[in-house]
Amino acid sequence: MIHFFIRLFKCNFFLNNNILIIGASGQLGNYFVNLLSKDNNVIASDIIPNSTFDCQFQLLNILDYNSLKKTIKTNNINQIYNLAAILSAKGESFPYKTWILTTEGFLNVVKVSIECNVDRIFWPSSIAVFGLNSNLEHVLNDVPMLPSSIYGVSKLACEKLMNYYNSKKLLDIRSLRFPGIVSASKPGGGTTDYIVDMLYSALSGNEYKCFLDKDRILPMMHIDDSVQASIKLMNIDREKISINSPYNITSFNITPDLWRNIIDSLGYDLKVLFEKDFRDKIAQSWPRNIDDHLFRNDVGWKPKYDSKKTAKSIIDAINS
Ligand SMILES: NC(=O)c1ccc[n+]([C@@H]2O[C@H](COP(=O)([O-])OP(=O)(O)OC[C@H]3O[C@@H](n4cnc5c(N)ncnc54)[C@H](O)[C@@H]3O)[C@@H](O)[C@H]2O)c1
């Protein structure tokens, strides 16, 4: 009942935008929903039901164009956050499905946005777009890219589409290449999942079996930093955005071994068994260090959380 009144209260014309979030039931979704709902009318949607949101929730498949269009028209949507995905590790078991979901989903959102005059789209890309030819020790924003996973391949294809639609001024699509995201919500089958899973193992006292090499270094960031950066990017004037493709973004670089040490320094005694699998091969082709000065300069952003603050904050969030 309380949810009903909160929704009723929020459905008014004092709110800034009518926002549709697609793929809202995943790791990042509820953080976007919670933050955006503060001053926007938000409709959360996914193919997986979710009753935890304080805003309207709708079952919606991004590949179902007619339902997508109906939702956008009925609710007068002017911004879309497209978070629907099959992540890197899971995608290797379903390459065709991953390609279709990323690319057709992206194009459905593009098509409907042009037809229904949607002002802005946020669509996250990923560090998975890079590859062994990307100078992984220091990855600039615009470098050669030969991704190793189908997830990375499909994200890169959409980056090119994004560049096309922005360059032609047909749409306003904004994007960040997220590194691994650390949150209290569980990740959905990515190559960086260990970073959240280790925190849960430390709290439960269980041994953790790590699928990456103990020294595999990867860029990561706290969920609050990633969501706040995304919303900041969505709210700035288009003229301040100097590129038509996604921005690099990062916070800290870490290995599984160093992450375990940080967790232990917070008073835990986490046992980790290192047993590499195919995900370590994917991670080998990902950046070890990202250059995101372009985003920081254009948008005036910097992360609030380093590695230790991130571990502490997410442990506190899981415990609360
Ligand atoms: N989590 C990370 O570390 C990370 C890193 C880089 C980029 N990203 C990107 O951020 C976005 C969100 O990632 P996430 O971690 O929340 O992913 P997730 O896998 O946790 O969530 C994705 C959501 O998409 C939904 N979905 C799948 N198929 C759908 C369909 N046909 N229609 C509508 N929804 C569908 C799923 O049910 C799921 O709830 C994705 O674009 C992802 O590529 C995430």
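Read the numbers this way: they start at 1 and go in the same order the structure lists the ligands and their atoms. All values reported here derive from a predicted model rather than from experimental measurement. The residues of the chain are indexed from 1 along the displayed sequence.
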Can you tell me how far [atom2] of [Y] sits from [atom1] of [X], rounded to the nearest 0.5 angstrom?
X	Y	atom1	atom2	value
Asp225	Phe178	CG	CZ	10.5 Å
Leu68	Ser113	CG	OG	8.0 Å
Trp259	Tyr208	CH2	OH	12.5 Å

Minimum-distance protein heavy atom relative to [atom]:
atom	value
atom 13 (O) of ligand 1	Leu28 CD1, 3.9 Å
atom 21 (O) of ligand 1	Gly26 CA, 3.3 Å
atom 29 (C) of ligand 1	Ile47 CD1, 3.6 Å
atom 12 (C) of ligand 1	Leu83 O, 3.4 Å
atom 3 (O) of ligand 1	Ile181 N, 3.1 Å
atom 10 (O) of ligand 1	Pro124 CG, 3.5 Å
atom 32 (N) of ligand 1	Ile62 N, 3.0 Å

- prompt: Are any of the heavy atoms in Leu60 under 4.0 Å away from ligand 1?
  reply: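 Heavy atoms of Leu60 do come under 4.0 Å of ligand 1.
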- prompt: Out of curiosity, is Pro179 lining ligand 1, as in a heavy atom under 4.0 Å away?
  reply: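 Judged by the 4.0 Å heavy-atom criterion, Pro179 does count as contacting ligand 1.
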task: Name the orientation class of the two ring planes belonging to Tyr81 and Phe32 (parallel below 30°, tilted from 30 to 60°, perpendicular beyond 60°).
output: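 Taking Phe32 first and then Tyr81, their aromatic rings sit tilted (interplane angle of 30° to 60°).
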message: Under the salt bridge (charged side-chain N to carboxylate O under 4.0 Å, His left out) definition, can you give me all pairs with a residue in residues 306-320, not counting sequence neighbours?
response: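 Non-adjacent pairs meeting salt bridge (charged side-chain N to carboxylate O under 4.0 Å, His left out): Lys312-Asp316.
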query: Side chain, backbone, both or neither: which part of Lys155 comes within less than 4.0 Å of ligand 1 when only heavy atoms are counted?
result: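 The side chain, only.
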query: For ligand 1, is any non-hydrogen atom under 4.0 Å from Ser125's backbone (N, CA, C, O), its side chain (CB onward), both, or neither?
result: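 For Ser125, the contact with ligand 1 is made by the backbone alone.
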task: Check whether any N or O atom of Gln27, backbone or side chain, sits under 3.5 Å from an N or O atom of ligand 1, and answer yes or no.
output: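 There is such a contact, yes.
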Give the atoms of ligand 1, by number and element, whose distance to some non-hydrogen atom of [X] is under 4.0 Å.
X	result
Asn61	30 (C), 31 (N), 32 (N)
Tyr151	6 (C), 7 (C), 8 (N), 9 (C), 42 (C), 43 (O)
Ala85	22 (C), 24 (O), 27 (C), 40 (C), 41 (O), 42 (C), 43 (O)
Ser126	6 (C), 7 (C)
Ile48	37 (O)

message: Using the rule that Ile, Leu, Val, Met, Phe, Trp and Tyr join whenever any side-chain heavy atoms are under 4.5 Å apart, tell me whether Tyr305 and Ile195 fall into a single cluster.
response: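 Hydrophobic grouping puts Tyr305 apart from Ile195.
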Could you list the donor-acceptor pairs under 3.5 angstrom formed between side-chain atoms of residues 116-125 and any protein atom two or more places apart in sequence or on another chain?
| unit_1 | atom_1 | unit_2 | atom_2 | d |
| --- | --- | --- | --- | --- |
| Asp119 | OD2 | Asn78 | ND2 | 3.3 |
| Arg120 | NH1 | Met234 | O | 2.5 |
| Ser125 | OG | Glu159 | OE2 | 2.7 |

- prompt: With distance as the sole test, does Arg279 use its side chain to make a donor-acceptor pair with the main-chain N or O of Phe211 at under 3.5 Å?
  reply: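 No; zero donor-acceptor contacts below 3.5 Å.
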field: Sidechain-backbone polar pair: Ser88 side chain, Thr191 backbone, donor-acceptor under 3.5 Å
entry: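 Yes; at least one donor-acceptor contact below 3.5 Å.
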Closest by any non-hydrogen atom to [atom]: pick that one out of [options].
atom	options	result
atom 36 (C) of ligand 1	Ile127, Asn30, Asp46	Asp46
atom 35 (C) of ligand 1	Gly190, Ser67, Ala84	Ala84
atom 19 (O) of ligand 1	Leu101, Ile249, Leu87	Leu87

query: Looking only at side chains, do Ser242 and Asp298 share a donor and an acceptor under 3.5 Å apart?
result: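 Short answer, yes.
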- request: Answer yes if the side chains of Asn253 and Asn289 hold a donor-acceptor pair under 3.5 Å, and no otherwise.
  value: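 Yes, side-chain donor-acceptor contact under 3.5 Å.
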message: To check you understand the geometry: which heavy-atom pair defines the closest contact between Asn248 and Arg177, and what is its length?
response: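 Heavy atoms only, the tightest pair is OD1-NH1, 2.8 Å.
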